[in-house]
Structures are given as C-alpha cells and as structure tokens.
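Below you'll find the structure, written out as structure tokens, and then a few comments.
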Amino acid sequence: MPAQDQPITDDLAGLYVEHSTWLQGWLRRRVGDTFAAADLAQDTFLSLLDRKTAAIEIREPRPFLATVARRLLAHRHRRQLLETAYLEALACLPEEVAPSPEARLMAVESLQQIDRVLDGLPPKVREAFLLAHLVELSYAEIAERLGTSTSSVKQYLTRANRECMFALAV
C-alpha cells in the first residue's frame, strides 16, 4: 500500500472499530436481516476506502455513515426490483421460448452492470434513461417531466446509452 494511503486506512480502521457495531444495528432495524445488515455495513466502509475518504475529515461519523448506508440500501433495493421484474417477466413466457438458466444469469448480471452505470450518472441523465426505456415516454414527455428541453433529453439519452453500451462491451 502506498505511503499516502496509510493514514486514510488507519483513520478508517478507527472509524470502523468505533462505529461498525452501531451501523450494523442501525441497518438490521431497517432490513430485518442480521446477515444482510453485516454485508451492508461492510460495503459502507469499503465504499469509504474506495473513495479514499479520510475518516478524520468526517465531522459527524454516524450521520455520515447512515447517509452512505442509506444510498447502498437504495441501490440494493433497486437491483432487487430489477431482478424480480426480469424474473417475473420470464415466468410469463412459454417454456419453449424461456431462456436457459445460464442466459438468465447473464441477463441479470447485465442488468446489474447497467444499474451500476446509471448510478454513476447525473440524476437527470439517469432519470431520462429510465423514463425512455422503462416507461417508454417520448422525448417531449421526458423533457416536460424533467423541466428541460427535448435537445437536452436527447443529449442525456445519448450519454446514458453510450455509457451502458461501453459497460456491457467490456
């Protein structure tokens, strides 16, 4: 580990020791599952490590950790909704045209990749993508909902589609 990363890691370790039990309890009350809460707590601290956030810069650790964990909960919920919707749609297909278990797994993994890409996009770009592809709104309808122009919607969709295609091509 590079020397400049050591203080961040040390600070984060102290933050973990001091607040991980509290965070797991906070998450357990929200998800109702001890194991899911433990996983989400670990993911919360890992996301701080990925961002190279120095724990010493965090003035209010518990509200900060709760905010990060809340975002992870929202992402987890959104991924579960996507997967459930996909599996429900597959269940409606006649057996002879239903995809194989391998194809289903690949599709779920692709959906998760797209979800990660969308998570990294600005809110209006993400919203335009979802409105276009899931709700099937026109550019004009999306522009009205977002309070922007149709040319901006076109730019948003171009960006989101490009990012998704690049992510799936890798």
Side-chain angles (χ1 to χ4, degrees), residues 12 15-16 20 23-24 26-53 58 63-93 97-170:
L12 191 57
L15 187 70
Y16 180 84
S20 64
L23 183 60
Q24 284 184 39
W26 184 88
L27 285 162
R28 188 174 43 256
R29 287 187 296 280
R30 276 148 187 80
V31 298
D33 179 345
T34 302
F35 298 110
D39 286 345
L40 285 163
Q42 294 299 323
D43 290 345
T44 299
F45 286 101
L46 282 174
S47 73
L48 298 180
L49 187 59
D50 287 345
R51 293 181 196 161
K52 298 187 186 294
T53 301
I58 302 169
F64 179 82
L65 291 169
T67 298
V68 174
R70 227 180 264 109
R71 288 184 187 136
L72 290 171
L73 271 170
H75 299 311
R76 177 179 177 255
H77 180 69
R78 192 172 64 236
R79 279 191 301 273
Q80 287 174 337
L81 288 175
L82 277 172
E83 186 173 340
T84 300
Y86 174 70
L87 294 175
E88 285 173 358
L90 289 179
C92 295
L93 292 175
V97 295
S100 68
E102 294 83 10
R104 288 180 188 199
L105 178 62
M106 287 174 52
V108 167
E109 288 173 351
S110 294
L111 285 171
Q112 290 173 343
Q113 265 186 301
I114 289 170
D115 183 56
R116 283 190 294 275
V117 168
L118 293 176
D119 185 48
L121 295 174
K124 282 191 175 185
V125 175
R126 177 177 49 246
E127 186 72 16
F129 179 89
L130 295 172
L131 291 171
H133 293 289
L134 298 180
V135 185
E136 299 180 348
L137 296 182
S138 68
Y139 284 15
E141 292 168 321
I142 295 169
E144 185 178 319
R145 283 221 188 158
L146 297 180
T148 190
S149 67
T150 55
S151 62
S152 291
V153 170
K154 184 176 180 180
Q155 291 173 0
Y156 296 160
L157 291 174
T158 299
R159 178 178 177 185
N161 289 331
R162 183 183 60 238
E163 296 288 332
C164 289
M165 285 187 345
F166 285 147
L168 293 174
V170 174

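All of these numbers come straight from a predicted model, not from anything done at the bench.
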Which distance, rounded to the nearest 0.5 Å, do you find between the [atom1] of [X] and the [atom2] of [Y]?
X      : Y      : atom1 : atom2 : answer
Leu40  : Phe35  : CG    : CZ    : 13.5 Å
Asp39  : Leu72  : CG    : CG    : 11.5 Å
Arg162 : Met165 : CZ    : CE    : 9.0 Å
Leu118 : Cys164 : CG    : SG    : 4.5 Å
Asp43  : Arg71  : CG    : CZ    : 15.0 Å

Sequence neighbours left out, what passes side chain to side chain contact (heavy atoms under 4.5 Å, CB included) with [X]? Give chain and number order.
X      : result
Leu111 : Tyr86
Ala37  : Leu27, Arg28, Val31
Ala140 : Ser138, Thr150
Pro122 : Val125, Arg159

Heavy-atom closest pair, residues [X] and [Y]:
X     : Y     : result
Leu23 : Ala69 : CD1-CB, 4.0 Å
Ala41 : Gln24 : CB-CG, 3.5 Å
Ser47 : Val68 : OG-CG1, 3.3 Å

Side chain to side chain, [X] and [Y], heavy atoms closer than 4.5 Å:
X      : Y      : answer
Thr158 : Gln155 : no
Leu93  : Pro99  : yes
Val135 : Leu130 : no
Phe45  : Leu65  : yes

Once side-chain hydrogen bond (donor to acceptor under 3.5 Å, both in side chains) is applied, do any residues pair with [X], and if so which ones, sequence neighbours excluded?
X      : answer
Glu88  : none
Asp115 : Arg78
Thr84  : none
Gln42  : Tyr16

**Pairs flagged by salt bridge (Lys or Arg N to Asp or Glu O under 4.0 Å) wherever residues 132-146 is involved - sequence neighbours left out** = none

**Asked** Which pairs with one or both residues in residues 97-110 pass side-chain hydrogen bond (donor to acceptor under 3.5 Å, both in side chains), sequence neighbours excluded?
**Response** Ser100-Glu102

**All pairs passing side-chain hydrogen bond (donor to acceptor under 3.5 Å, both in side chains) where residues 116-128 contributes a residue, at least two apart** = His75-Asp119

**Complete:** Residue pairs meeting ring pair (Phe, Tyr, Trp, His ring centres under 6.0 Å), one or both in residues 130-170, sequence neighbours left out, come to Phe129-His133

